[in-house]
Amino acid sequence: MRFSFTEQQIAFRDSLRQLLDKQCTPTDLRAAYERPEARTTRWAALADLGVVGMTVPDAHGGLGLGMTDLVLVLEEAGRVGLPEPLMETTALAAPLLARALTPRSSALLTEIASGSLTAAVADHRAMPPPWADDAPGPSSRGGKAGGNQPVGPRGDPGGSPTGSLRCELVAGAQGADLYLLPTTFSGGRPELHALRAEAVSVLPVAALDPTRRLGTVGWDPTPSSLVAAGEEAHLALADLEVSAALATAAELLGLADRMIDLASSYARDRHQFGKPIGSFQAVKHLLAGAQVKLEFARPAVYAAAWSLDEERDPGSREHSSRRASLAKAYAADAATEAARVALQVHGAIGYTWECDLQLFLKRTWALAEAWGSATDHRRRLLTSLIEER
Amino acid sequence: MRFSFTEQQIAFRDSLRQLLDKQCTPTDLRAAYERPEARTTRWAALADLGVVGMTVPDAHGGLGLGMTDLVLVLEEAGRVGLPEPLMETTALAAPLLARALTPRSSALLTEIASGSLTAAVADHRAMPPPWADDAPGPSSRGGKAGGNQPVGPRGDPGGSPTGSLRCELVAGAQGADLYLLPTTFSGGRPELHALRAEAVSVLPVAALDPTRRLGTVGWDPTPSSLVAAGEEAHLALADLEVSAALATAAELLGLADRMIDLASSYARDRHQFGKPIGSFQAVKHLLAGAQVKLEFARPAVYAAAWSLDEERDPGSREHSSRRASLAKAYAADAATEAARVALQVHGAIGYTWECDLQLFLKRTWALAEAWGSATDHRRRLLTSLIEER
Amino acid sequence: MEEEEWEQPLDEAMDLKFTDAQQAFRAEVRAWLHAHVPPVGTLPSLDTQTGFEAHRAWEHTLAADRWSVVSWPEAYGGRGVGIIEWLIFEEEYWRAQAPLRVSQNGIFLLAPTMFTFGTDEQKNRFLPPMASGDEIWCQGWSEPDAGSDLAGIRSRAVRAPGDDGWLLTGQKTWASRGAYAEWCFGLFRTDPEAERHRGLTYFLVQMRSPGVSVRPIPQLDGETGFAELFFEDVFVPDAQVLGGVGQGWNVAMATAGSERGLSLRSPARYTEAAALLVDLYAATLARDPTLALPYADAVAQAWMDAEAYRLNTYWTASRVLAGGSVGAEASANKIHWSETDLAIHRTALALLGSSGERRDGNRWLDGYLFALAGPIYAGTNEIQRNVVAERLLGLPRG
Amino acid sequence: MEEEEWEQPLDEAMDLKFTDAQQAFRAEVRAWLHAHVPPVGTLPSLDTQTGFEAHRAWEHTLAADRWSVVSWPEAYGGRGVGIIEWLIFEEEYWRAQAPLRVSQNGIFLLAPTMFTFGTDEQKNRFLPPMASGDEIWCQGWSEPDAGSDLAGIRSRAVRAPGDDGWLLTGQKTWASRGAYAEWCFGLFRTDPEAERHRGLTYFLVQMRSPGVSVRPIPQLDGETGFAELFFEDVFVPDAQVLGGVGQGWNVAMATAGSERGLSLRSPARYTEAAALLVDLYAATLARDPTLALPYADAVAQAWMDAEAYRLNTYWTASRVLAGGSVGAEASANKIHWSETDLAIHRTALALLGSSGERRDGNRWLDGYLFALAGPIYAGTNEIQRNVVAERLLGLPRG
């Protein structure tokens, strides 16, 4: 039993933090809001440091590391609100590609490690919004492997992507080089495909945080785009859910920490009624409550990461899946609470565009819901606990 | 639209409050803890004032009043933690008996109005506790009209009541003169019976608040004990649920008010760190939060009472049923919050037998769950809202 | 007790039904709104110049048929109806999903104060154009260093050289509609020696006066919801002092009570949103019960919160009609409506899941962002809890 | 970056598995408990005289096989095992539903302080009988006017005439097991001139000393959980001062940290209760899904809270093993476990519905009443939130 990071892991985290403190400031984030898909030197710098290729096997130019290493990195990405799809590329796409190495996936992995490729990964459970023309009615929602919808004629003024299949609400979709897209054919047989940018049609989706680069992706499956099918695809998608829950949880830790920092600092400086507002018990208790939640979310996330690395055997991830649900639920609640509290402590200032806080609020609200909300994960966890009895 | 009480109603409430301030002190409650079933002069005084017979028709010596008058009275009963079963007798039993006047029910109503009779009323949904030997398994729980269990040989050391039928967790059962007991025969046909004390067998149930006078009632139905059967019984039981939800809500208002009073008073007097603890923002905000909940629970309860009086036609109480659920859910949450906050403000003192607060905490916890918890009533309300659409 | 004592005159007994006249009034409102309300979403945001004018045009339409200020006396453009009728009007207004009121600051915040403290000349001068929408008002309450601590105001007013008015200097912030409004009401310090609450005066300032400048403040969603106002020796004649020199605090507190209390926040806003939430829940339940069911409790609670607010409003209105007043209860009210608004929208977004972050067509997200400001403005909920604890429960000041 | 930099010695990498030795230790604990733990519910309440002695007898049984204080050095009756092994022992102890520890105050609150501040003579004199259960300790912390405000202590000690010790006078309250304990540890003011935190001294007092009297305090459930202690010129020899005259505050704070932190509250207590809650939920779900389903979220959350506490404890233990310390995190810990305990029991009672008020056989109700005290004792959660805000977040003192 040694539940702590190594000195090397901490040192790597610290060097990444230094890099991001310089290259991913609130000013940089505001620039990314203007042109979300723009390529910056930041991605190259992250690749140079080894971050982008962390999960790529050594043989393909990466570091061959696991989730235990990655969570610390994602926490830093969350802390600065990194606009690039590091989670999608490094935490999700690379491990998916590395599951079954083919010449094609090997080449893609090498590109990831070199920093020349960003990826978008679709959540196969994402649905069109209920207010959309083609939102499913009571009978059109499938089971676990549902998710993408045949494209029909649509009247929406924003236009529609082309292609026979469509994936909804794909994070990182605007400007990605590679798209990992699931689909389910009749009879419930799942497939996972990897397509390059030129093979898909992306309709940008307006989001509260534009740097989420959300898009609706239209595409056509081909034999050459196939990555996994049948049972293999089923396991890959199940693993994807677990990894994505954990990765968002790690980013949420960093976001919660940043928001509590911003609010604590504001509470020390801002004076009302003749003293710093941080000396009022009401303000103290708001922030203390958020801090307690964050403190207990952290080990939950780290333990899930270790479990995921430990249970490498696909299809036998009961323990790590449960821990990932605990991690996501706890981190999402901690970050949501930190967001609420930080905004309340800032008061009207926090409600302005000029205040940095807004950048982190928006990312928090999005990630809290992405890849399963806290409630979703509590439900999954309870089901698993009851089945185990 | 005139949403307020009349001057007469307020004056009657005030005279009742005066009486109870003298005759139902914490000292009196402690005495009642020792001998819960003991008869006191208090009941006679309440009858003299007209309180006990409020809902009994004029012709039988009562005041022939409705819920709008009664809620203010029950609020006062809650405020002092009245140990007598006023709610069971006046809010529940009398209206049930008055639904279909027979010579027998007329006689019983006259006895109620004269103060010579207290009643216990069984909730037909009450079940034996899950740790009991004969707690039902997955298949033995009936639908809406289930509830009492055939008596078999039991091994529990506390003994078992005699009789072919049994009602669980009956409030006011210890020492009552009249028992209103529901049952369901095969085929789901409900019946409601009224039995005098000599015709039932009561096994006292140990409760946190002994003045709840809880008991398990064993009994045998006879033709002469029958009050209502079939559709009439079904409607009577449905009405009973609504009235009981509202009546407990009214008592909970009084309890919440009393506990906030006790805690506010303590917070003004108790000094720590050189000043009254009530000057600390943490203490202020705890109490303010409870007070806000109470302020909004009050009109919810009063509106439900008015609706119940308005929708007198049995079987068409959709509106008042929904309002009663709102009232119970809101009042239960307000009182539970007041209890939590009052205990926290009192600190260790509040955790002692000597502190009066404990008398009201226990009653609050019991009434919050009796006749449907806040969660139960939210579920009922939502179902009704969705059906209405 | 004699039975006779219980005989009540029927007109005094509790009665939650509307009178025939009230129901007729409701029918009239509903019919008019049905004929005049523009389709939902056709007016541009009132925080843009064109949207502002489009909303002003709607105010003209309302005023033309005397629907803009139903509870005001007829002399000033109203219908002289009572508080219950006003609540009925609001219920119908929200049910019809009619446009937001660009004139809201003036009508709901300034007007009650002016009715109480204004001279006849002031009422005749200011109320009719406020009712018609010809003059839109913004508030000059907060300052950068006096947000929750309103008594810490530093903007000052000194006697003008001609002794016929005042020269105002200072900075105000969080002025909703400040970028486009014609007039501003607010507090300035006229006695620099007096402490905190004392020495403040309530001024009515024309925004086009020389020396006034405006900086729009973009909100977190990029919209321009409010503005900073800068005053540099802005001349304001004596006739535009409301309620007497040095009386500003008392005058302002009356307005603050009104902002927090009955008049600003009609319950219809929340009951309508709660009804839409139940619709969303039912639709989600029909589509996927496992998705919807975990939120059953929260949906029911949000609906109940709105309904309890409605009942409490009628309860308070009845007390006011009987000659009662609204004191610190206004603080309890503000805590409740702001938390209710958040609960409704937070639950809706939870039901939407990932779709909640979409901005295309997602009215729940806009509503959530708006609701987030609720616990902050009009006195933070922390301040309101202090008021409840000190004034309703008698706890000592900190 | 060179790959070599990433090569880690295996013994340094994160590893949440137990070693073979730790697993063997667990097996040994489990086997011993299986053979010795009396059937659940057979011991009378430890807050009665007979129950107290029955629990003392159980302490003797534990001590006879060296299981009473596994983490203590062997010289004092322990096994000298590490913190992880202690956590394993606790997990097994709670899983076996073994009796409550009547010696808990001494072992968990006083002993850590004595190991840090005690002389060798004190350790040799006091630790072995504490480990064996021959001497049971109660605490003399709070006073009627110094509850949360521990620095407000008024009980005083003056030099005894013979100058070989002290005479203690005053009143202490909330002393668990105070009615039956042999010894008491607590703070008394030795310098009446010094302010608040200063001038306090930590004393070890024999309860049979002349001048000590005890008044049991009945709890809200009628049980006698704690007592008031009255001291009237009670002689205490110099050898029974712990940590130096006037050093009481620092000495006590070490103990207070321990009360709030790792050692008092082993996570096993909550993970076991949470597992029982899941059982109760599953049984209710099988009986009546509509009754159970509304509590699904709360059941899952309570289980998660207990599990997060367990993980956080291993996280903290690993930091301590690596030479780190536990500071204000102990306050975060106390907030978390007390709220977790409440959440578990509140949810169980919600599942029980009306049956929850029964006392016959209802262990959840007893657990709830016990949990209610959690946010109050060992420093109220309000005080703990101040500590978290001031010491972890750097907010200024009020």
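The sequence lines fix the lettering, A, B, ..., with proteins before strands; numbering per chain opens at 1.
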Donor-acceptor contact below 3.5 Å, side chain Arg2(A) vs main chain Glu12(D): yes
Tell me, side chain or backbone of Arg319(D) under 4.5 Å from chain A's heavy atoms, or both, or neither? neither
Hey, could you give me the CD/CZ distance between Glu307(D) and Arg322(A), rounded to the nearest 0.5 Å? 8.5 Å
Are side-chain heavy atoms of Met14(D) and Thr6(A) found at a separation under 4.5 Å? no
Quick one, Asp333(A) and Gln301(D) - any side-chain contact, counting heavy atoms below 4.5 Å? yes
Is there a side-chain contact between Leu393(D) and Asp261(A), using heavy atoms and a 4.5 Å cut-off? no
Among residues 378-389 of chain A, those lying within the under-4.5 Å heavy-atom range of chain D are Arg378(A), Leu381(A), Leu382(A), Leu385(A), Ile386(A), Arg389(A)
As an exercise, state the distance from CD1 of Ile335(D) to NZ of Lys293(A), rounded to the nearest 0.5 Å. 10.5 Å
Output yes when a side-chain donor or acceptor of Arg385(D) lies under 3.5 Å from a complementary backbone atom of Leu286(A), and no otherwise. no
State the CG-CG distance between Leu287(A) and Leu392(D), to the nearest 0.5 angstrom. 11.5 Å
Do Leu395(D) and Ser279(A) come within less than 4.5 Å of each other through their side chains, counting heavy atoms only? no
Least distance between heavy atoms, Leu311(D) atom then Ala300(A) atom: CD1-CA, 4.0 Å
Taking C-beta and beyond as the side chain, do Gln281(A) and Asn386(D) meet within less than 4.5 Å on heavy atoms? yes
In terms of ring plane angle, is the pair His336(D) and Phe296(A) parallel, tilted or perpendicular, where the classes change at 30° and 60°? parallel
Most chain A-contacting option - heavy-atom pairs closer than 4.5 Å, from Ile84(D), Asp279(D), Val278(D), Leu285(D): Asp279(D)
The interface call for Glu390(D) against chain A, heavy-atom contacts under 4.5 Å, is side chain
How long is the span from the CG atom in Asn312(D) to the OH atom in Tyr302(A), to the nearest 0.5 Å? 11.0 Å
Only pairs of heavy atoms separated by less than 4.5 Å count here; which of Asp305(D), Asn381(D), Val299(D) has the most with chain A? Asp305(D)
Any donor-acceptor pair under 3.5 Å from Lys275(A) side chain to Pro396(D) backbone: no
May I ask you to test the Met304(D)-Tyr330(A) pair for a side-chain heavy-atom distance under 4.5 Å? yes
Check the surroundings of atom CG in Asp269(A): do more than 12 heavy atoms from other residues, nucleotides or ligands lie under 6.0 Å from it? yes
When rounded to the nearest 0.5 angstrom, what is the spacing between CG in Asp15(D) and OG1 in Thr68(A)? 10.0 Å
Contact summary for Leu16(D) and Phe3(A), nearest pair of heavy atoms: CD1-CD1, 3.5 Å
Side chain / backbone / both / neither for Arg323(A) at chain D, heavy atoms under 4.5 Å: side chain
Rounded to the nearest 0.5 Å, the CD atom of Glu295(A) sits from the CH2 atom of Trp315(D) at a distance of 11.0 Å
